[in-house]
Every structure is written in C-alpha cells, then in structure tokens.
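In what follows, a single structure is set out as structure tokens and then discussed.
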Amino acid sequence: LVGSEMCIRDRDGVYTDSGKAVYGEFYMYSENYGEADGAYTEDNEYVYGECYRYSGSYCEMDGAYTDAGETVYGECYIY
C-alpha cells in the first residue's frame with residue numbers, strides 16, 4: 001500500500017511547540033516513513049518534514065517543523 005496510504009492527525013492531535021493544532025496529511029512514501037503533504041497549522045503556516053510508522057496504523061512526527069521553525073509533535077493515523 002506504499003504510495004496510497006495517508007496519515008491524518010490522531011484524536012490527541014498533532015501540534016507545535018507553542019500548542020498550535022496541525023491539520024492536513026502526511027503521504028506515506030515508504031513502508032515506515034511519510035512526508036508532510038499539504039499539512040498546515042491553525043495559523044496557516046506550512047508544515048514540513050516526516051512521520052515514522054511505529055506500529056501498524058500509527059506514525060509519530062519525526063523531524064517535522066513549521067515555516068516559523070517550530071517543532072511539530074504528535075501522532076497520526078494511517079488509512
């Protein structure tokens with residue numbers, strides 16, 4: 001399913017250092033890694049970087065950041 005899977009924010013959410021919510025998707029380009037694909041904060045800053053699949057259906061942020069340089073944390077659900 002690589003290339004067809006997307007990761008969207010989990011119930012607990014994905015957020016920045018300052019607590020801004022992150023929306024959008026991460027495109028799973030390999031078995032275990034996804035890349036931000038149109039992800040953005042509640043203030044409409046773009047999000048860059050990757051997520052890492054740590055279990056079957058969940059990824060955690062791995063080096064993701066915003067336009068302003070804030071670190072992005074949290075998990076997303078792969079579908």
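The figures here come from the full heavy-atom set of this structure, side chains too, leaving out hydrogens, waters and symmetry mates. Numbering of residues begins at 1 and proceeds along the displayed sequence.
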Could you pull out the closest heavy-atom pair between [X] and [Y], with the gap in Å?
X	Y	answer
Glu45	Ala68	OE1-CB, 3.2 Å
Ala21	Tyr23	CB-OH, 3.5 Å
Met28	Cys51	SD-SG, 4.0 Å

Subject >> Centroid separation Tyr65 to Tyr48 less than 6.0 Å >> reply: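 That pair passes the under 6.0 Å test.
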
**OP:** Kindly indicate whether the side chain of Phe26, heavy atoms from C-beta on, has any atom under 4.5 Å from the side chain of Val47.
**Re:**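 Yes. Closest side-chain heavy atoms under 4.5 Å.
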
Original post:
Is Cys76 close to Met61 at the side-chain level, that is, under 4.5 Å between some pair of heavy atoms?
Top reply: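 Yes; the side chains approach each other to less than 4.5 Å.
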
Original post:
What distance separates Tyr73 OH from Thr16 OG1, expressed to the nearest 0.5 Å?
Top reply: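 Between atom OH of Tyr73 and atom OG1 of Thr16 there are 9.0 Å.
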
Original post:
Aromatic rings Tyr52 and Tyr33: how do their planes relate, parallel, tilted or perpendicular, breaks at 30° and 60°?
Top reply: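 The arrangement is tilted - the two ring planes meet at 30° to 60°.
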
Original post:
Counting distance only, does the side-chain N/O of Arg53 pair as donor-acceptor with the main-chain N or O of Tyr58 below 3.5 Å?
Top reply: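 No, because the side chain of Arg53 does not come within donor-acceptor range (under 3.5 Å) of the backbone of Tyr58.
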
**OP:** Report the C-alpha distance between Glu25 and Tyr79 in whole Å, list the side-chain angles of each, state the deciding distance to 0.1 Å, and finish with yes or no for side chain to side chain donor-acceptor pair (under 3.5 Å).
**Re:** CA-CA 11 Å; Glu25 298 177 325; Tyr79 68 97; 2.6 Å; yes

Original post:
So which pairs with a foot in residues 58-72 pass salt bridge (Lys or Arg N to Asp or Glu O under 4.0 Å), sequence neighbours left out?
Top reply: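 Only Lys20-Glu70 qualify under salt bridge (Lys or Arg N to Asp or Glu O under 4.0 Å).
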
**OP:** Give every residue pair that meets the salt bridge (Lys or Arg N to Asp or Glu O under 4.0 Å) criterion with at least one member in residues 32-41, sequence neighbours excluded.
**Re:**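 Salt bridge (Lys or Arg N to Asp or Glu O under 4.0 Å) check on residues 32-41 returns no pairs.
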
Subject >> Single-linkage hydrophobic cluster Tyr77~Tyr29, side-chain heavy atoms < 4.5 angstrom >> reply: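 Yes, it is one cluster - the side chains of Tyr77 and Tyr29 are joined through contacts under 4.5 Å.
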
